[in-house]
Structures are given as structure tokens and as C-alpha cells.
Amino acid sequence: MKFLDLLKSAIGNTFRSKLRTTLTVIAIFIGAFTLTITSAIGTGVSSYINTQVASIGSTDVLTVTKTADATQSTDDGPKKYDPDKATGSGGFGGAASGLTGGVLSKDDLKTIANIKGIKDVNPVVQVSPKYIQYGSNGKFVVTINATSALTKADLAAGHQLSSADKSEVLLPGSYLHNLGFANAKAAIGTTVTFGIDDYQGAEHQVDATVVGVQNKSLLASGVGLSQYLTNRLETIQSTGRPASLGQGYAIAMAHVSADSTTEQTDAIKKSLSHNGFTGQTVADQLGAFQTVISGIIGVLNAFAVIALIAAGFGIINTLLMSVQERTREIGLMKAMGMSGGKVYGLFSMEAVFIGFLGSAIGAGIGIALGSLISSVLSNTVLSGLPGLHVMQFAPASIITIILVVMAIAFLAGTLPARRAARQNPIDALRYE
Amino acid sequence: MTSNSVLTAQGIHKSYGQGVNRFDALKGVSLDIREGESVAIVGKSGSGKSTLMHLLALLDSPDDGVLLVEGTDARQLKGKDMNRLRNEDFGFVFQQFFLTPNASVLDNVVLPLKIAGVSPKERKRRGLAALEQLELADKAKNKAINLSGGQKQRVVIARALVNNPKVIFADEPTGNLDTATGALVEDILFSLNKERGITLVIVTHDVELAARCDRQIFIKDGLEDIARENAAVAS
């Protein structure tokens, strides 16, 4: 029997018992549908994150922190106190002192700056203005994006913060309405006022120019300030601070050459870790985020695979019944000189075809429904995150899913197919 | 007769079951079937005649004794040769037809060709030719289930013929048919034997059908019934 004939017969046979085939196909459909949707969510979210990284484009920025001490065993008791170790105050302030990794002292910053390949290093300073005001439209609480000076924002209007000595501000799109701007363009070039307290509690006001309006994004929320403006606010904030308080920072941002290769960046990271620091690019930080998402998607996929395994037993059952029903037919074919191998092939192909039907329909409906839900979501609930398509269907992963399901179906078909192949023609023909 | 032996059986034993349930279907049967003759294997039900035919058709293997196919010991045949032999040299006609009910008549007829790997075009040509011979060409597209008993048996004969076999094995070919249709089917089988020289091995309990064959082999309780054979020859 030729392969094509075998295939045609197998396909024809699966449609002989329509109800039974349909039920098995539904079981596979559920598994394949779930897998398609979960993998699409994986692709969608990852690609959104990648676009975010791309829009930031800060491959030349390393976030440097002090490497956490090796996990202390509870049996060892407390470690000896080291008075020279900087404790956090200023910079990230109180929060930093709670960090297990310790904070970066001025000396540390010098060490980092001296590492080969690093162009400059700036501590991330958290300034906390009390309010922001435009004209006479009232004062509003303000959140500052501490790293905005070092990264590139995804802009709706205007331009990026410059490194010049100018007090520049990037406003998030969500601030526009409350502050009293009609639209993003209207805000560009206007002057806003920040109110900030010094260490003694006296209020100061600082003016700054709006140079850009940001799109909403996962990563950078809050008002972006130019380095110059941050420094000005920091100066005000620390005015009157007792000199005896140690100065330390939780995080520093180091610039490396913009055209440095991955290898060069890795080398810099290595020498940082050699000196007791951890350097992470934005991609590294997002990598951690992505790991969490992949983990969640992995769990969802595992459920889908369990569904598929259950469906595999459905295939076994369907085919065993089919072998039972067609005992005589198998006997006849064997009596007419069909080899056991071909009979095996025939039943295996039936299993694989059922798997194909279930997975193709599952993937097809998954794509159709997923695209619909995804576009509805991005226009409603997720409209705040432009560019996010929750589900994206990658052809490669769809094909992989279909192939995996077909492989599972093949495995499930092994047992019934073997039983069919081993039948003795005469027992089969005598079977009533 | 001087023609060559197609099938030779020497001291064939076959039993089913184990222990107390053991049933000896054949207890040492020897026979010789020559090219172009028609042989009837006659016996009551349970006499072992069907078992003998299955063994001759290589659908089963004997527990003891030797089976020669054109002089070759059947035990020496490899799986592939065995399949080729069943496919190309043997044709089967069964009492219960064994047609695939929902497939078309033509599809049923060309099944051996399909197994042999003949191209679809050639299959159709040869299938239709075989149906033509049995005056069923107009039913080619009908479903097998919608045919009458006589038509079904003719389809089965067409299927047995389509590969131009050397031997046709017929197990009670007229068992499920009324007398008139049965006679028609018999005529077809014997004309194939006469005109195309196809060796015919018919298993039956119908003495009249057996009488039309060149030779009768009577089986009783797993052994050849020589006395009856002599009586039949004498009549």
C-alpha cells in the first residue's frame, strides 16, 4: 500500500464514526486551544516588554548596586558590626538602609567610575517635591521617576531631556488634564513650579520648563527631571542636614560607551562584580521581569499539556474501539497481503490525523478568538498601555503546538495500532 | 493429471485451545491441489474443512505437517513473500462477503490493488474491468451496503479476481444465497476455472456444488473420509 493511499484511507476511516471522532477531537481541541492562547499571551507580553526596552534604548546604561552579602546562615549568629559601611541616608534615604545589600558610599562611586569602560557614574537621587503646579490651576501631588535623566522616554510630544544645565521636565500624559493643559503639544515649553521642603521643613519653589510629554508605559511612570533639576532639588532637600549623617546611595547609574558590544558590557559587569557591585542593564532587569512572566505562562502551559495528556487517553480509547469494530476489516486486509507494519501505519495515522484535526481547529479558533479579545482589551481595559497586544500569535509556536499534539496523538495511537497490527488474519475473520 | 502441484499438504495437524478445552480440528490430512483444477473440500460444520482451507491459503500455520506452495515449504517463506503471495496469487470469496459497507463497490473491489500499491488510475481501470466481467459496472459507485446478496457475492468475486490470482479460495460461496442466485455465482466461478485456468478451492457442505468440481475431498472429524470419496467417484 502506498503512503498516499494509506493516508487517504486513514483520513477516511476517522470520519466513519463521526460522533466518536468529534468527541475525541473536542478533547484535543481544549488542550490545543489553551496552549495557543497561553503561548500567545507569552509572545504578546514579551514583545511588549521588548518594545519598551527598544523605546528606552538604554543599552548604554548600567544600574549598579552593592552586591548582597552571601546569604547569612542562621546558625552563624549575627555578623560583626562594621562602622565604615555606609548606611543609607539621603539618596534613597531610610528605605535604602533596609536593603540587605548595603548602600553605595562616595568611595564606592569613585571605585565604579575608575572601572575600565565606564564613562561616568551618577548616584540615583530620590528627590521628593511636595507638589507640582502650572499657572493658577492648583497644586498636585507629584511622583518623580528617579531614573528619567539617564534613560530615554517614549514621547507623545516634545523632545528628550537634555544634559545641559537647564531645569527640564517630562510630564506623563496623565498629568496634563489636572494641571490644566488641553493636550500634549500645549504643555511643551510652558513653565511648571515644584514645591519642595528642605531638611528643616522650610518650603522652597523651583521653576522648570516642560520639554516633553511621555506616553504611558510599564516602566517609567512619574515626572521625569533633568539631571540639573534633580541636583537643584537635591541641594534644597539636603540643606540643613547634619554633616555627621553618612551619605550613601542605594543605586547608581553608570554610562558605558553607547556602541559597546554585549561582550564589552559583560566584561564591565564582571569587573563590577569583582569589586563587589552588581551591574544590570535595562535588558537584564526586564529579563528578571520576563522570567516571572515566563514562569506564569509555563504553569498555564503545564495545565494545557495535562489536558492534552487526558485527551491522549481519549485517543487510545477511540482507536481501541475502532480496532475492535474493524477486526474483520483488518483480518481481510491482512488476508489480502497487507503487512502488519502497514496496518500499524494506518492506525497510527488515524491517531495523528485526529490529533491534527483537534490541534488545527484549536489553534485556529484560538487565534480568531484571541485576536478578537486582544483587540477589544487594548481598546478598553488596556488602552492605558498603548502598543500592548495581550495576545500575539507567532507562526512558529503555533506550528510547534500542532506538531507536539500530533506527536502526543501518535504515542496514544501506538497501543491500539500494535493491537491491530498483531491480529492474526484468520482469528480476525472468524470474529463475529 | 500431469499439471504441476500448486498446493501440497502432508500430514497436517491443527488444534485449538489448551488442556481439556483442546480441540483437534485436523488430525493428519494430506492432499495435493494441481494447477487449473477445481477441488471441493466437503464436510459437515465442525469437520475441520474451513480450517483446512485457511491453512492452504496460508492464513494460518499448521501445528504439525508440511505445506508446500509450488514446491516451496511455507515455513521458509518470509513475511514479505507471504504477503505478496496472499496479495497476488490468492483470491478469497467468503460466505459473509466481508465488504466494507459504507465504501463504494469499486473501492471494495480494488482493495487488493490498493494494498499492492497500484496507482489509482490503474486501480480504477482494472476494478471496472473486473466489475464489467461480473456485469456490475453500473453499480461501481453504489455503496456496498445497498446491494442484494447475489450482487454482494459478485462484488466479492470481482475483488478476488482483480489481481488475476492463480488460486481462488471460496468458503461456502453460495451459503448465504438463494438457489437461483447461488447457481449464478457457481456458474461464474466455474467459468473462471474453465476459461482462465484459475485453480478453484471450494469449501462447502453442499454436495451438488461439490459434484460440479473436478475432484472432491471429504473431511470428517479432522481426517480425510476416503470411503466417501471412493463412493462419490463410483457414482
Side-chain angles (χ1 to χ4, degrees), chain A residues 1-22 318-319 321-350 353 417-418 420-432, chain B residues 14 16 25 50-62 77-104 107-120 122-123 143-144 156 159-160 162-163 165 169 171:
Chain A
M1 206 165 185
K2 283 190 182 146
F3 178 78
L4 202 65
D5 287 325
L6 212 57
L7 185 68
K8 271 192 203 158
S9 309
I11 292 172
N13 289 340
T14 51
F15 289 116
R16 259 202 251 169
S17 178
K18 289 194 182 65
L19 180 66
R20 207 166 53 202
T21 304
T22 309
T318 304
L319 283 180
M321 281 168 74
S322 181
V323 170
Q324 194 82 5
E325 253 173 34
R326 282 150 60 191
T327 302
R328 274 191 179 181
E329 192 190 323
I330 297 163
L332 181 73
M333 289 193 291
K334 291 195 89 173
M336 287 178 172
M338 185 145 157
S339 65
K342 294 274 168 66
V343 174
Y344 181 90
L346 183 66
F347 278 86
S348 293
M349 269 193 245
E350 285 189 41
F353 181 69
R418 263 167 62 114
R422 283 185 173 179
Q423 260 172 15
N424 189 349
I426 208 60
D427 290 340
L429 285 177
R430 242 194 243 121
Y431 175 87
E432 291 296 327
Chain B
K14 181 74 187 177
Y16 298 103
S50 289
T51 306
L52 180 60
M53 191 203 84
H54 293 152
L55 290 172
L56 290 173
L58 304 182
L59 294 178
D60 212 347
S61 49
L77 289 172
K78 289 195 193 95
K80 210 176 157 187
D81 299 325
M82 183 91 91
N83 285 330
R84 195 204 55 79
L85 201 69
R86 284 178 188 165
N87 186 253
E88 293 177 13
D89 291 353
F90 294 167
F92 297 96
V93 176
F94 302 97
Q95 180 181 4
Q96 303 96 324
F97 313 133
F98 294 132
L99 293 170
T100 307
N102 286 316
S104 76
D107 283 347
N108 269 290
V109 169
V110 299
L111 183 61
L113 298 177
K114 204 170 170 182
I115 291 170
V118 176
S119 73
E122 177 71 3
R123 280 206 304 255
K143 277 189 175 180
V156 173
R159 183 175 67 188
V162 79
N163 251 357
F169 294 93
D171 191 353

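Given the structure is predicted, the values throughout are model-derived calculations rather than measurements. Each chain gets a letter, A, B and so on, in the order the sequences are listed, and its residues count up from 1.
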State whether the number of non-hydrogen atoms from other residues, nucleotides or ligands found under 6.0 Å of A/R418 atom CZ is greater than 12.
-> no
Taking the side chain as C-beta and beyond, is there a heavy-atom pair between A/S9 and B/K114 under 4.5 Å?
-> yes
Hey, is the main chain of B/F98 close enough, under 3.5 Å, to the side chain of A/R328 for a donor-acceptor pair?
-> no
Any side-chain heavy atom of B/R86 within less than 4.5 Å of one from A/M338?
-> no
Determine the option with the most heavy-atom pairs under 4.5 angstrom with chain A, choosing from B/D60, B/T51, B/L113.
-> B/D60
Note, A/L332 side chain near B/F94 side chain (heavy atom, < 4.5 Å) = yes
Out of A/S339, A/G340, A/G341, which one racks up the most heavy-atom pairs below 4.5 Å with chain B?
-> A/S339
What is the distance from atom CE of A/M333 to atom CG of B/N87, rounded to the nearest 0.5 Å?
-> 12.5 Å
Does any non-hydrogen side-chain atom of A/M336 lie less than 4.5 Å from one of B/N83?
-> no
Should B/R123 and A/D5 be marked as a side-chain contact (heavy atoms from CB on, under 4.5 Å) after you check the CA-CA gap, both sets of side-chain angles, and the distance that decides it?
-> CA-CA 12 Å; B/R123 280 206 304 255; A/D5 287 325; 2.6 Å; yes
Non-hydrogen atoms of chain A under 4.5 Å away: do they reach the side chain of B/Y16, the backbone, both or neither?
-> side chain
Are A/R16 and B/T100 close enough that some pair of their side-chain heavy atoms sits under 4.5 Å apart?
-> yes
Where does A/R326 contact chain B at under 4.5 Å (heavy atoms): side chain, backbone, both or neither?
-> neither
Between CG on residue A/L4 and OG on residue B/S119, distance to nearest 0.5 Å | 11.5 Å
Answer with side chain, backbone, both or neither: which region of B/F92 has an atom nearer than 4.5 Å to a non-hydrogen atom of chain A?
-> side chain
